[in-house]
There are 4 protein chains.
Amino acid sequence: LSKTINVAIVGASGYTGLELIKIIEAHPVFKLTYLATSKEDDTLEALHPSLCGVVTMDVEKADATKLAKKADLAFLALPHKTAMGFVKELIALNVKVVDLSADYRLTQAVYEAHYVPHIDPENLEHAVYGLPELFRSKIEDASLVANPGCYPTASLLGLTPFMPYIDQAKHIFIDAKSGVSGAGKKLSDTTHFVTVNDNMFAYNPLGHRHQPEIQEKLLQYANKEVKVHFVPHLVPITRGMLSTIYLEVSQPIDELFKVLEDFYMDEPFVRIRKQPVAMKDVAGTHFCDIYAKYEDGILHIQSAIDNLLRGASSQAVANANLMMGLEESLALPRFAYVP
Amino acid sequence: LSKTINVAIVGASGYTGLELIKIIEAHPVFKLTYLATSKEDDTLEALHPSLCGVVTMDVEKADATKLAKKADLAFLALPHKTAMGFVKELIALNVKVVDLSADYRLTQAVYEAHYVPHIDPENLEHAVYGLPELFRSKIEDASLVANPGCYPTASLLGLTPFMPYIDQAKHIFIDAKSGVSGAGKKLSDTTHFVTVNDNMFAYNPLGHRHQPEIQEKLLQYANKEVKVHFVPHLVPITRGMLSTIYLEVSQPIDELFKVLEDFYMDEPFVRIRKQPVAMKDVAGTHFCDIYAKYEDGILHIQSAIDNLLRGASSQAVANANLMMGLEESLALPRFAYVP
Amino acid sequence: LSKTINVAIVGASGYTGLELIKIIEAHPVFKLTYLATSKEDDTLEALHPSLCGVVTMDVEKADATKLAKKADLAFLALPHKTAMGFVKELIALNVKVVDLSADYRLTQAVYEAHYVPHIDPENLEHAVYGLPELFRSKIEDASLVANPGCYPTASLLGLTPFMPYIDQAKHIFIDAKSGVSGAGKKLSDTTHFVTVNDNMFAYNPLGHRHQPEIQEKLLQYANKEVKVHFVPHLVPITRGMLSTIYLEVSQPIDELFKVLEDFYMDEPFVRIRKQPVAMKDVAGTHFCDIYAKYEDGILHIQSAIDNLLRGASSQAVANANLMMGLEESLALPRFAYVP
Amino acid sequence: LSKTINVAIVGASGYTGLELIKIIEAHPVFKLTYLATSKEDDTLEALHPSLCGVVTMDVEKADATKLAKKADLAFLALPHKTAMGFVKELIALNVKVVDLSADYRLTQAVYEAHYVPHIDPENLEHAVYGLPELFRSKIEDASLVANPGCYPTASLLGLTPFMPYIDQAKHIFIDAKSGVSGAGKKLSDTTHFVTVNDNMFAYNPLGHRHQPEIQEKLLQYANKEVKVHFVPHLVPITRGMLSTIYLEVSQPIDELFKVLEDFYMDEPFVRIRKQPVAMKDVAGTHFCDIYAKYEDGILHIQSAIDNLLRGASSQAVANANLMMGLEESLALPRFAYVP
């Protein structure tokens, strides 16, 4: 571990940017050499007062050429649509990229159906979907990794072990619950404390953009076209995510936990639980906790992650570790924010 | 409205007891003449400091004979299993009863499969399930009403309008979320603030006692045996409940909102929403808010209530109003705890 | 109570506007005949979805002349500074006004030192400070009442009984805590759920505008110039306010509770507590709960109110009741949002 | 840092026990070789499910002799009163002890006035109060360190820099706010979610046991007998603590921040803030954030810590580091639980 690899973060002002800074500061190999936002004149202390006395670093206005001189790999925590312009430049400059936006997660047709016309189809074609448990070897060879969405991460890790049992004709229902940090720092009525506190509600039911992401990756991973129906909810919690999945399976599942345990045998960051999972047991960590129950033809799966870590920033670091030939687990947080 | 009807509450110490006191105090006809708990020496101010300066009344140790001398109708907010002993006595003394426990909600066989042997099967046979929108005329004639559980109330009001579209061979999935007051005042690790805050988790997945209640009442109401799968969750909220329902339907539903609006045309306490429902819009009220969406053979229903009011105490008062020949809506709370 | 008095609300979109609507809807004499905001095209259901099925009413763009034709008294829930323009018009049109802004609370000099130049000094001179327990008889004769701030209401009700014991040379420290609804519906970093949840912090320490309001009213009421130091805090709670007061007194206070009980003997909406007060016991009500402790020359007072009700809207209705010759307590909410 | 020092934790089941485990697991020198509770048959996974897959270790029933064979230093996270029996045994067995209870914090007379008769006065006499910023050199030489209470830690770090300005005749008022984890895991009405959520209240006003601790340590540190009045509050937050201090000072303080900055010049874990401090910026860390304001003879100080870390477990590790001749900052957490 004697060598040092220089890395950059673009998009330092948001929640996932902050989490990236925290993880990289504690990383034994990565060294943060470039930190940028899309605006002028930001300072780290103003953006994140909690980092005062911990991390001292200049924040620059994002510039691909400058970045390329200072870092070998860049984490992009930029909004969807604006990310792809920047990625294109960085890849051309031979910088490896982990992109936390949605811009490289989907095939071009699906992306354009749900977002906007894609301006970087060449790189899109070679981008690898960064869910290590499912696509590890491809990530190791990638120079551009599309970091998965938080909802797809939780849902895919819960569903994939059971793909052999899933009948393509049947429907998969995912009832997902997310903490408010998933909505980002941007101000809106929906994230006002008075709106959220003592409240709970669904949004974009059956129409959320993460639904095609889940469906497409299941197809890609298991070569099976399944029907996913997805309804996300906002809960009065800062961080954490729970995906609850319901489906009818095509054959009885006798040894439910064995299916899970065999599938995740060599995965230290997926924990198979014998009791219903709790958001708080994973908040602050890279863990995905999974619980399942089978009864009379029905399979019920629960999958919990920290939406900002396993659902964004720690997964980005896991991907970067793999891309740079390091041990995947380096610096991934394991101690939950409990109590 | 010149007459007065004397009513009693047994079980004054819990959350539903408190809500009953509040509603009856504002009731134009009911007069609270007897208030009891199962213990000696309780005082109302010690039990509920918020009632200081609002309600002054002695709290007695529950005694059926004394109650029968003072009141024509009793609300029982006692634990499951202990309620039925008391109901038996009261019915024998010609007191009408609204029982908030589970003791008279189910047929004997189903009750005994999920709870304990029933000690009052005669009255059980004549008890009426107190969901006014579904069983109003029977409630009007009843001397014993079993007040529905909170989860069944929300789920049944969401599902029944769509029963004509439901295929008995298909599965109905109910993902329910409840505020912590639903767990009652009793101390447990599960209700400790530190356990619940910033957390969310399921409990009794696919095994909760409210599942047979929902199934049995759908059969009773619509004469259709359906397969319900039910998973409740605890959310860091004091009061409120959201039932999210997923199912495949047997025929396309063209005019989704018309189905709902026709079904609830004359029901002032069911609101059909064009946007996803929010727990907070019903907290503090007797309203049930319903939203639905249909897509490609899939029906998704959301139903929100206040677990302590529509899910317990205000529904009990609605039932009592009907049993005493009054207008159902008397004193039912309509102003939500918003903001 | 056979007569009806027509009233108007200007500023229907905010939290205090909503609370006014709720109280007036339940009022036996007041009839809401005019509802306005400062914008075009608002509808009540869009502004406050929780009122759907409860209150049906057009929302107009505020116009003093139209209002004057429809109502005898107006509640103004407008921002500071914009309120005074509207008040001036309404008073000229012989409409009585309860103004919930700060515009008529202070003497001109003090107002202008903390806010902006006053554009309506004539009416300011005759405005009465609407804290009924202290200035009831003046309110009865007023045509313009300045509704007190929430912090001053809690602090003044706690302090005034002890004014005889207060030494002008000594300092009074008020450590106040407010729920987030006090900051209003406006979006800001400070009211983002993620900022507030699991957090607590002071704002404007020793520099908040409510400090001169408290000081001036103590002088006006007790003819004593005292030194008040005031630090407000935001707590992760929707509604509720707690003022904790510390001071050295000039003489021992032997019968602390007697001082309070004598002072508030005839006041049904001030409750003297023998245990520390709790925000939740008053949330949803017009009550002010007070607790005090004396030890070795030190007086410690706690005063709790609902910031939106006793600190704004229910106090406004109490004032309107008095101004219109009605019983002060009409329609004032007494049942707390407990649990 | 090549050597390893074996340490033990007694009292593994509570919140501070969990925090100790987490810190020590990440410690470069300390190795956890003995973990115990006061009961039989506990397992780490059952006590703390979040540690599953992170820490694997047997939990024993506490036994001083066994402990002494396995560890050179013990952290005791036992209840007040029961700790001192265990400390006595361990000291006799030459084990160094950091005791997180109150048993060795006070002089015997003061302890016995507020708690119970002390059974280990010999060790009490030599115990050192473990607030490193104030008593570092004594801690380095101690074999028994009494870890400070959370309220005294926050209050003392805020007050001590200003001791030269404090007039003994004047009163110091401390209004403190604590997250619920400070009350421990024990079940009580006070910690029930429904009691705490949307609520805030004081407890033990002017009578809390931390008041003499603050007073005594100020005397010990600054040789000045001052009058402290202390009122703690519970806030609906899991972890975090804010001490707000008010006092009249004897002389003007011209350069307020310079006083603080000079005092804490060499202290990396005290941060002087130019804006009011926020609980969340220190939650998860060993930092104490301090803000102050001076105005017209009045000094106002705010001091924020994580009650479980700087107020308990990370301070215990800081003390252990000093006692074992290590660098004080080893393994002390610096990244806050933000967002």
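Chain naming here is simple, since letters A, B, ... match the order of the sequence lines and numbering starts at 1 in each. Values reported hereafter were calculated over all heavy atoms of this structure, with side chains retained and with hydrogens, waters and symmetry mates removed.
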**OP:** Let me see the working for His171(C) and Asp296(D) under side chain to side chain contact (heavy atoms under 4.5 Å, CB included), right down to the final yes or no.
**Re:** CA-CA 11 Å; His171(C) 296 269; Asp296(D) 296 336; over 6 Å; no
Subject >> Leu206(C) versus chain D, the contacting section by heavy-atom distance below 4.5 Å >> reply: both
**OP:** Test side chain to side chain contact (heavy atoms under 4.5 Å, CB included) on Met200(C) and Met241(D) and set out the steps.
**Re:** CA-CA 9 Å; Met200(C) 179 163 182; Met241(D) 171 165 284; over 6 Å; no
Original post:
Hey, which residues of residues 270-282 of chain D are touching chain C, say heavy atoms under 4.5 Å apart?
Top reply: Pro276(D), Val277(D), Ala278(D), Met279(D), Lys280(D)
Original post:
Can you tell me if NZ on Lys224(C) sees more than 12 non-hydrogen neighbours from other groups inside 6.0 Å?
Top reply: yes
Original post:
More than 12 heavy atoms of other residues, nucleotides or ligands under 6.0 Å from NZ of Lys170(C): is that the case?
Top reply: no
Original post:
In terms of heavy-atom pairs under 4.5 Å, which option from Asn199(D), Val231(D), Leu234(D) contacts chain C the most?
Top reply: Asn199(D)
**OP:** Quick one: list whatever passes ring pair (Phe, Tyr, Trp, His ring centres under 6.0 Å) with His192(C), sequence neighbours left out.
**Re:** none
**OP:** Mind ranking Thr238(C), Asp198(C), Val235(C) by heavy-atom pairs under 4.5 Å with chain D and telling me who comes out on top?
**Re:** Asp198(C)
Subject >> Contacting region of Tyr337(D) [heavy-atom separation from chain C under 4.5 Å] >> reply: neither
**OP:** With chain C as the partner chain, list the residues of residues 149-157 of chain D whose heavy atoms fall under 4.5 Å from it, by residue number, and write 'none' if nothing qualifies.
**Re:** none
Original post:
Going by heavy atoms in the side chains, are Phe173(C) and Ile298(D) under 4.5 Å from each other?
Top reply: yes
Original post:
By number, which residues in residues 245-264 of chain D have some heavy atom less than 4.5 Å away from chain C?
Top reply: Tyr246(D), Leu247(D), Glu248(D)
Original post:
For the residue pair Lys293(D) and Pro205(C), what are the closest heavy atoms and their distance?
Top reply: NZ-O, 3.0 Å
Original post:
Taking every heavy-atom pair that is under 4.5 Å apart, which of Thr195(D), Leu242(D), Asn204(D) has the most such pairs with chain C?
Top reply: Leu242(D)
**OP:** Indicate yes or no: at least one non-hydrogen side-chain atom of Asp175(D) is less than 4.5 angstrom from one of Lys177(C).
**Re:** yes
